[in-house]
Each structure stands twice: as structure tokens, then as C-alpha cells.
Amino acid sequence: NVWIALSPCGLDAPGLDVVPRRIDHLVETGSHGARFDWSVGHDLAEAEAAARDTSILRPAFEPGDALLFDQLFLHRTAVSPDMTRVRYAVESWFFAPTGYPHAQIPVAL
């Protein structure tokens, strides 16, 4: 996956929260206060970060900054009340032909 900032974000516009360490398993979703059944709850994300001797980070991005990651990289949209500006970003997912989600329409590059 590639996430590319098109506008400044992470300070006064939503950015990303990330656990900056390798996690070699899928983290449980839909529990520990998760807002959606497909998302990881905050308490569990903090526990995963602590287990790797780190904490959740919220980097600041400038237009053109990119973050490359795989399906095991624990991340979420970073939002707080003081973020009053709009964020523009592009997220691109890349799949091998054998792993492409059947309900989606592929774009060949």
C-alpha cells in the first residue's frame, strides 16, 4: 500500500497514527473499543505498540510525502478536535492477481 499526502496533514488536518514496529500477525478487530468491526480498538493498538517498546506515533506530512506499508502495518486516520483543516491524500492498494478482492474492480498499471 502507498499513502501519499496531497496537503499538509498531521498537525491541523487529519493525518495518520502508526505503530512504527513490525507486527507479524493480524491484530484482533472489533474489540477493545473499536468503532467498526474491521478496525482495531485504541487500547489494543496501544498494547501492541507497548509490546514492541514503542508508542503510537502521529507524523506530520507535507504534500508529496509518502508512506509505503503492507497489510500488517497497524495504522489509522489520526483525528483530534484541534484538526480544523481538510486533508487531501491518496491511498493505493496493490495486490498480486491471486490475492485481489473479488468484489472490487482492478486497474492494471
Side-chain angles (χ1 to χ4, degrees):
N1 299 331
V2 179
W3 188 91
I4 304 167
L6 300 179
S7 62
C9 52
L11 298 175
D12 58 358
L16 291 177
D17 284 342
V18 301
V19 174
R21 295 283 192 272
R22 182 77 182 156
I23 298 175
D24 61 0
H25 61 278
L26 291 175
V27 179
E28 180 185 0
T29 60
S31 67
H32 297 83
R35 296 183 71 183
F36 307 101
D37 62 353
W38 47 264
S39 66
V40 175
H42 180 75
D43 292 343
L44 187 53
E46 281 192 333
E48 288 289 340
R52 281 144 192 84
D53 294 325
T54 190
S55 58
I56 296 172
L57 298 181
R58 182 173 288 177
F61 294 94
E62 292 297 324
D65 288 347
L67 184 63
L68 288 90
F69 54 93
D70 66 9
Q71 74 279 12
L72 296 177
F73 185 66
L74 191 53
H75 67 286
R76 68 176 173 208
T77 300
V79 180
S80 62
D82 56 329
M83 293 182 173
T84 57
R85 296 187 51 207
V86 175
R87 168 193 77 189
Y88 295 96
V90 174
E91 184 175 347
S92 297
W93 296 4
F94 300 91
F95 298 90
T98 56
Y100 197 85
H102 297 293
Q104 302 293 320
I105 300 171
V107 174
L109 299 177

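Everything quoted here is computed from the prediction, not taken from an experiment. Computed over heavy atoms, backbone and side chain alike; hydrogens, waters and symmetry mates excluded.
- The backbone N or O of Asp37 sits less than 3.5 Å from a side-chain atom of Thr29, completing a donor-acceptor pair.
- Grouping the Ile, Leu, Val, Met, Phe, Trp and Tyr side chains by contacts below 4.5 angstrom, directly or via other members, places Phe61 with Leu57.
- Checking side-chain atoms of Arg87 against main-chain N and O of Gly15 turns up a donor-acceptor pair under 3.5 Å.
- The distance from the CG atom of Asp12 to the CG atom of Asp82 is 8.5 Å, given to the nearest 0.5 Å.
- What you find for Ala13 and Pro8 is that their closest heavy atoms are CB-O, 3.6 Å.
- Note on Met83 and Tyr88: separate hydrophobic clusters, where clusters join Ile, Leu, Val, Met, Phe, Trp and Tyr whose side-chain heavy atoms are under 4.5 Å apart, directly or indirectly.
- Summarising the geometry, atom CD belonging to Glu28 is positioned 10.0 Å from atom CD belonging to Glu48; distances are rounded to the nearest 0.5 Å.
- Distance CG/Leu11 to CD/Glu62: 8.0 Å, rounded to 0.5 Å.
- To the nearest 0.5 Å, the span separating CG on Leu16 from CZ on Phe69 amounts to 6.5 Å.
- Considering only heavy atoms from C-beta on, Arg22 comes within 4.5 Å of Asp70 through its side chain.
- Taking Ile, Leu, Val, Met, Phe, Trp and Tyr as hydrophobic and joining them when side-chain heavy atoms fall under 4.5 Å apart, one finds Val19 in a cluster with Ile23, Val27, Val40, Leu44, Ile56, Leu74.
- Taking all atoms of both residues into account, the shortest heavy-atom contact from Leu26 to Gln71 is CD2-O, 4.4 Å.
- Across all their heavy atoms, Ser55 and Pro20 have their closest contact at O-CD, 3.4 Å.
- Cluster membership check: Leu68 shares its hydrophobic cluster with Ile4, using side-chain heavy-atom separations under 4.5 Å among Ile, Leu, Val, Met, Phe, Trp and Tyr.
- In this structure, Arg85 and Ser7 have side chains that are not in contact, with every pair of non-hydrogen atoms separated by 4.5 Å or more.
- Atoms CZ and CG, on Phe73 and Leu67 in that order, are 5.0 Å from each other to the nearest 0.5 Å.
- Here the side chains of His32 and Glu46 are not in contact, with every heavy-atom distance at 4.5 Å or above.
- Taking the six-membered ring where the residue is Trp, Trp38 and Phe36 present parallel rings, their angle staying beneath 30° rather than reaching 60°.
- Considering every non-hydrogen atom in both Phe94 and Asn1, the closest pair reads N-OD1, 3.9 Å.
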